[in-house]
Amino acid sequence: VADVWPREDKGPTQAAILQAMTATPVLLARLEAAVGGDAVLTDPAVLDGYRTDEAGIDAPRPAVAVVARSTADVQAVVRAAVEHRVPVVTRGAGTGLAGGANAREDAIVLLTRGLDRIVDIDEGNLTAEVDAGVITSALNAAVAARGLWYPPDPASIDTCTIGGNIATNAGGMCCLKYGVTGDFVLGLEVVLADGDVLRTGRTTMKGVAGYDLTRLFVGSEGTLGIVTRARLRLLPAPQPPATLVAAFPTVHAAGSAVVAATATGVRPSLLELMDRTTVAAVEEFAGSGLGDLDLGDAGALLLAQSDAGPAQAAYELDRLTAVCQAAGATATTSTTDPVQGEKLLAARRVAYTALQAKGATLLDDVAVPRPRIPELVERTEAIAAQHDLVIGTFGHIGDGNMHPTVVYDAADDAASRRARDAFDAIVETALDLGGTITGEHGVGLVKRSHLPGEIGPVGYRVHRAVKAALDPLDILNPGKAF
Ligand SMILES: Cc1cc2nc3c(=O)[nH]c(=O)nc-3n(C[C@H](O)[C@H](O)[C@H](O)COP(=O)(O)OP(=O)(O)OC[C@H]3O[C@@H](n4cnc5c(N)ncnc54)[C@H](O)[C@@H]3O)c2cc1C
């Protein structure tokens, strides 16, 4: 199988390896004394499970993995790592799509899954205090039982962790109306690179004392500190959503509908797009599940929801339907029944799986200003033709965040190289359109070489200065992000 990720995308491997290997027996003894022998994992078969995340970039087996069960455990691991000059790669559930949790030969992989307590749900203050290893859907279920809601909803919600969501500033389908993970983080407990514990943020809804250190750690991909606990903002439970699906002849027409919808003042809670290639892949994989809706030769499918409450949601869907028809929709269907609505959304939910069924995939994640989405999709189509590849584009059109997915034959070296070239060309296109190299998955390893192009030389210098101030020995997830 060809490897689309060359060595330079995988981060450094040689530095300090020899020293770390020599130190391993002493380091292991130190770790076992600190956290208990059962928490120090050295079985090669077990360690192989902690080599990579879901980005598909191969990585070496780590030197050791440690299950942390408390903040004190995390502190002990970091202090041992500092003493032995060994890197620490923090790993939540390993569902990341940027290679951020990928291991190195010389690394301790720190597993947060033992930090699994929902410490407090404060209904009066609408906050929850949660350990970093809590699975996101477990928090959702716990707050829902009290009539509350934690909105961030990455599609990996049943497996990913709150700590991983914070470290990547994860998004999802309802971010359009409610915001991303970072918008719900009020404060953090973080173990710093010297083992000290920093507590950031506040318990109040407002508060402006000092630098906003909470925001600094959100999205820092394990490179500045290890999140052990978070105080999160909650909302009252949402109203059941009403759902609309509209088929368009072109992505351009769907994009015009989105721009026009935004101008109406209607605030959909979900606005998703699938292009022609993705619609065809979904139909082939599962049938679209869209009942009587005639997709014909649909060039794009727009899916929208409103959770504005029974009467208002119906009104908002009527407005959106009218906007879609004015923009050239060839078919529309809508429902106020949430169960039927979920069936309509099924086509979007299987989009990535349907493209994966066609071959090996490189899932991209870029964002552009909303009005430029049609250009992004059209230029992606041109990149597909130029590189003789299939690229399906789907994603969160409401917030300009799309996932062009390159499909290729991994057994074909030339096709694999073209796939990687196409992936990079899409990232550069997003920048050219005034967008960003990643809307929600993070930089990790896959976008490392593109970061300077987005943040510029001064931005890069400031990033390096922040890293040097907080982690002068480069212990925390070195080689990731930049
Ligand atoms: C099927 C599928 C669907 C997905 N859908 C979405 C989606 O809709 N939206 C989205 O944004 N992402 C999505 N993702 C990507 C992924 O689930 C998110 O990036 C998620 O936030 C990662 O959480 P994790 O616990 O798996 O973190 P990991 O993959 O273990 O780690 C991710 C990064 O965070 C760091 N990290 C983890 N925990 C901590 C911590 N406690 N302190 C400091 N650093 C830490 C790691 O070092 C790494 O850099 C999807 C992934 C899959 C496989």
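Remember, it's 1-based here, ligands and their atoms both numbered in the order they're listed. We use all heavy atoms of the structure for the numbers below, so side chains are in, but hydrogens, waters and symmetry mates are not.
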Q) Heavy-atom contact under 4.0 Å between Lys480 and ligand 1? A) no
Q) Is atom 1 (C) of ligand 1 less than 4.0 angstrom from at least one protein heavy atom? A) no
Q. Salt bridge (charged side-chain N to carboxylate O under 4.0 Å, His left out) between Arg79 and Asp196: does it pass, once the steps are laid out?
A. CA-CA 9 Å; Arg79 288 191 170 129; Asp196 279 354; 3.2 Å; yes
(Q) With no hydrogens and no angle check, just 3.5 Å: does a side-chain donor-acceptor pair link Thr136 and Asn165? (A) yes
Q. Below 3.5 angstrom, do we get any N/O pair linking Gly92 and ligand 1?
A. yes
**Q.** Min heavy-atom dist Gly225 to ligand 1 below 4.0 Å
**A.** yes
Q. If you count the atoms of ligand 1 from 1 in the order shown, which ones are under 4.0 Å from a heavy atom of Gly222?
A. 43 (C), 44 (N)
Q. Going by distance only, is there an N or O of Cys160 that falls short of 3.5 Å from an N or O of ligand 1?
A. no
(Q) Please report whether ligand 1 has a polar contact with Pro154, defined as an N or O pair separated by less than 3.5 Å (distance criterion only). (A) no
Q. Less than 3.5 Å between some nitrogen or oxygen of Ile226 and one of ligand 1, yes or no?
A. no
Q) Do Arg91 and ligand 1 have an N or O pair less than 3.5 Å apart? A) no
(Q) If I apply the N/O under 3.5 Å rule, does Thr112 come out as touching ligand 1? (A) no
Q) Is there side-chain contact between Leu31 and Ile108, with heavy atoms separated by less than 4.5 Å? A) yes
